[in-house]
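Convention: sequence-line order gives letters A, B, ...; per-chain numbering from 1. Note that the structure is predicted; figures quoted are calculated from it, not measured.
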There are 2 protein chains.
Amino acid sequence: MVSIVSVAKAAGVSNKTVSRVINGEPYVTEQTRERVEKAIRDLGYIPNMAARLIRSSRSNTFGIITDYVSTTPYSVDIVRGIQDWANANGKTILIANTGGSSEREVEIWKMFQSHRIDGVLYVTMYRRIVDPETGDVSIPTVMINCRPQTRELLPSIEPDDYQGARDLTQYLLERGHRRIGYIRLNPILLGAELRLEAFRRTTSEFGLTENDLSISLGMDGPVGAENNYVFAAATEMLKQDDRPTAIMSGNDEMAIQIYIAAMALGLRIPQDVSIVGFDDFRTVTMALKPELTTAALPYYDLGREGAKWLNDLIAGEKIYPGGRVVSCKLVERSSAAFRPH
Amino acid sequence: MVSIVSVAKAAGVSNKTVSRVINGEPYVTEQTRERVEKAIRDLGYIPNMAARLIRSSRSNTFGIITDYVSTTPYSVDIVRGIQDWANANGKTILIANTGGSSEREVEIWKMFQSHRIDGVLYVTMYRRIVDPETGDVSIPTVMINCRPQTRELLPSIEPDDYQGARDLTQYLLERGHRRIGYIRLNPILLGAELRLEAFRRTTSEFGLTENDLSISLGMDGPVGAENNYVFAAATEMLKQDDRPTAIMSGNDEMAIQIYIAAMALGLRIPQDVSIVGFDDFRTVTMALKPELTTAALPYYDLGREGAKWLNDLIAGEKIYPGGRVVSCKLVERSSAAFRPH
DNA sequence: GCGCGCTATGACGACGTTGTCAATTGCGAT
DNA sequence: ATCGCAATTGACAACGTCGTCATAGCGCGC
């Protein structure tokens with residue numbers, strides 16, 4: 001492999017001078033610089049990061065440790081956000097998935113340390129509370145889409161499920177809906193509770209009572225292998241005489257089954273029932289006809305902001321103590337309309 | 001950061017002896033070994049990969065270069081397969097996404113080289129033909145889900161779209177269907193042609209004529225921002241008097257729209273129309289009710305096999321010249337049944 | 001003419017690790 | 001007793017890069 005020494009030899013200068021050219025340091029004549037640059041091009045020299053790291057003990061590498069994110073279709077946008085920021089700022093990224101195993105997680109932290117990463121982005125597939133198995137060493141860490149048990153311990157950044165569900169509820173209310181169904185997400189998920197809570201509070205503030213609401217469980221059990229009642233629940237809900245004129249779905253994926261249930265009963269969307277989802281999982285929201293109105297989880301921003309924050313943390317700047325929350329934008333498409341009269 | 005030297009000092013041996021212990025080399029007494037291991041534990045020593053690499057010029061790192069894979073919900077299983085293999089075999093993985101930009105791709109190859117990766121897995125989101133912008137340097141490379149323009153140039157491994165579609169067609173034929181619809185995937189995609197071709201050939205071998213078939217374009221335009229006719233095409237197809245009793249969908253995602261189109265016309269699945277998909281994109285196949293019968297793209301295996309192959313390549317073994325193909329397994333669920341009579 | 005400060009360059013060592021080779025010890029065979 | 005050999009250990013160099021410090025040339029003000 002061609003090294004700085006061979007370049008130096010080719011250009012007839014010392015290796016330190018080559019180093020200066022590479023790193024854009026001053027005190028090199030234009031003439032020398034050009035000779036060196038030519039040699040670099042001719043030999044196809046590419047700096048060796050490992051050697052550089054050994055000297056500087058700053059790897060310019062971030063580690064991403066996730067449960068399943070980068071191997072699961074849902075929250076890939078977090079990773080995309082991180083990568084985009086990293087590219088733009090000359091950072092390299094190491095990704096590893098625990099697959100849910102905590103032995104594996106311990107190994108990964110070791111592996112990261114052996115690569116002398118500068119910091120870790122701890123990312124989860126769905127919003128939850130976890131304590132990273134960091135070992136006793138302290139490495140700058142930002143948690144994305146999750147937060148630690150012991151509140152203010154690590155910086156964290158999460159989507160605002162509450163606000164998203166509130167906006168969605170208001171949206172339906174503003175369109176005249178007064179009997180609204182809600183099919184719950186798996187209650188294990190942190191977002192599930194918040195979304196439902198927002199739905200309850202917002203409708204109640206608006207003057208609706210529990211009687212106007214029709215809330216049922218859509219799925220439960222361990223995440224990824226849950227029991228699925230969505231189709232049955234939606235069917236039952238829509239078969240009632242005083243059926244809801246709008247249904248909020250725990251997430252977009254569940255909305256597929258609600259669509260099918262509604263259609264099987266001969267109901268048209270949105271003329272007979274309005275349906276809204278949550279997440280803005282494009283594969284679903286765009287494939288459904290009519291396309292699904294939903295609240296977008298700000299995954300991309302979570303990733304970008306998290307990376308930026310980690311960078312600040314490493315630089316020793318701005319150490320906010322606790323957690324931040326990013327709002328969910330309502331994406332209006334055509335699955336919800338004014339209440340039929 | 002604690003180094004091998006501090007461990008040596010603590011254990012009262014030379015650093016070379018510590019190195020021997022770490023690497024499990026022979027010629028260390030049990031007693032010495034234990035003293036060293038204790039020192040390692042006490043100090044929390046973790047080997048520095050960068051320093052190791054500098055000596056050995058073998059990084060034990062594979063680079064994954066993709067267009068969008070790791071940031072897109074579809075083919076994440078390829079990455080999962082690679083990662084699983086890598087974990088099991090002590091390899092580290094560097095992932096980078098070009099986002100489709102070829103300048104970016106050139107940068108990434110440089111970046112990989114600067115990290116002295118041992119080899120590259122070149123992965124695409126959907127099956128296609130590409131020529132990697134590798135620059136002139138030759139790095140062991142295996143292409144996954146794609147293949148080079150100039151056939152035998154690089155080893156490649158792809159799913160067998162043809163066989164998958166043939167099996168699916170046979171499945172429908174065996175169930176008595178004699179009028180079959182086909183809604184085409186975007187023709188830009190390599191898999192699209194092969195799947196359609198398999199459908200045509202298999203039905204024709206079975207004795208069906210073009211008249212028994214009803215083939216229409218579901219989408220076209222640039223991938224990711226295509227024009228979508230699926231719902232309209234399915235509706236039209238199913239409104240005919242001699243409508244097909246079964247429809248093959250270009251992929252699973254498109255099947256959502258076919259379901260909705262069928263249901264909007266009051267058709268029951270599978271009693272009135274059978275529907276089959278392609279890909280086994282779980283988010284869709286499991287959410288649809290009835291669940292979708294489909295052919296599974298062997299993404300996980302593609303990743304695992306690709307990584308293994310790359311490893312062999314690096315080790316200098318088994319240099320098969322050309323491309324390999326992995327079969328698609330038919331996953332029977334409940335969206336297809338015997339033809340109604 | 002002398003010293004000063006600035007520009008331009010190179011010699012050298014250090015980072016953490018491992019390969020090479022030499023040194024030391026013990027033991028069985030000659 | 002001597003030799004050969006295996007087991008055990010360490011000293012030292014080298015990998016590629018960059019930080020430190022020294023050196024040399026040059027122009028400027030006194």
Have a look at the helix from C:dG1-D:dC30 to C:dT30-D:dA1 and give the angle its two end axes make, five pairs each, rounded to 10 degrees. 60°
How close or far is atom P of C:dT17 from atom NE2 of A:H115, stated in whole angstroms? 13 Å
Write down the distance between CD1 (A:I54) and P (C:dG13), rounded to a whole number of angstrom. 18 Å
Check residues 33-43 of chain B and write down every donor-acceptor pair under 3.5 Å in which the side-chain atom is one partner and the other belongs to a residue at least two apart or another chain.
unit_1: B:R35; atom_1: NE; unit_2: B:A11; atom_2: O; d: 3.0
unit_1: B:R35; atom_1: NH2; unit_2: B:A11; atom_2: O; d: 3.3
unit_1: B:K38; atom_1: NZ; unit_2: B:D42; atom_2: OD2; d: 2.7

Looking across every strand, which nucleic acid part, if any, lies under 4.0 Å from B:S56 by heavy atom: base, sugar-phosphate, or nothing? nothing
Using a heavy-atom cut-off of under 4.0 Å over every strand shown, decide if A:R55 touches base, sugar-phosphate, or nothing. base
With distance as the sole criterion, is a donor-acceptor pair present between the side chains of A:T92 and B:H115 under 3.5 Å? yes
Side chains of A:T98 and A:D67: is there a donor and an acceptor less than 3.5 Å apart? no
Contacts of [X] that satisfy side chain to side chain donor-acceptor pair (under 3.5 Å) - sequence neighbours left out:
X: A:Y300; value: A:D84
X: B:S3; value: none
X: B:K110; value: none
X: A:N89; value: none

Exactly one of A:V120, A:D118, A:T61 should register a side chain to side chain contact (heavy atoms under 4.5 Å, CB included) with A:F112. Which one does? A:V120
Minimal non-hydrogen separation, B:P159 against B:L302, with atom names: CD-CD2, 3.7 Å
Side-chain contact, heavy-atom cut-off 4.5 Å: B:R104 with B:N97? no
The side-chain contact (heavy atoms from CB on, under 4.5 Å) partners of B:D131 (sequence neighbours excluded) come to B:P148, B:Q149, B:T150
Bounds of contact between DNA chain D and chain B, in 5' to 3' order, using a heavy-atom cut-off under 4.0 Å: D:dA7 to D:dG16
Contacts under 3.5 angstrom, residues 49-56 of chain B side chains, donor-acceptor by atom type, not counting sequence neighbours:
unit_1: B:S56; atom_1: OG; unit_2: B:R52; atom_2: O; d: 3.0

Within residues 25-39 of chain B: residues closer than 4.0 Å to DNA chain D (heavy atoms): B:Y27, B:V28, B:T29, B:T32
In residues 13-24 of chain A, what residues come within less than 4.0 Å of DNA chain D, judged by heavy atoms? A:K16, A:S19, A:N23
Side-chain atoms of residues 16-29 of chain B: list all donor-acceptor pairs with protein atoms under 3.5 Å, sequence neighbours left out, distances to 0.1 Å.
unit_1: B:T17; atom_1: OG1; unit_2: B:S14; atom_2: OG; d: 3.3
unit_1: B:N23; atom_1: ND2; unit_2: B:S19; atom_2: O; d: 2.8
unit_1: B:T29; atom_1: OG1; unit_2: B:T32; atom_2: OG1; d: 2.5

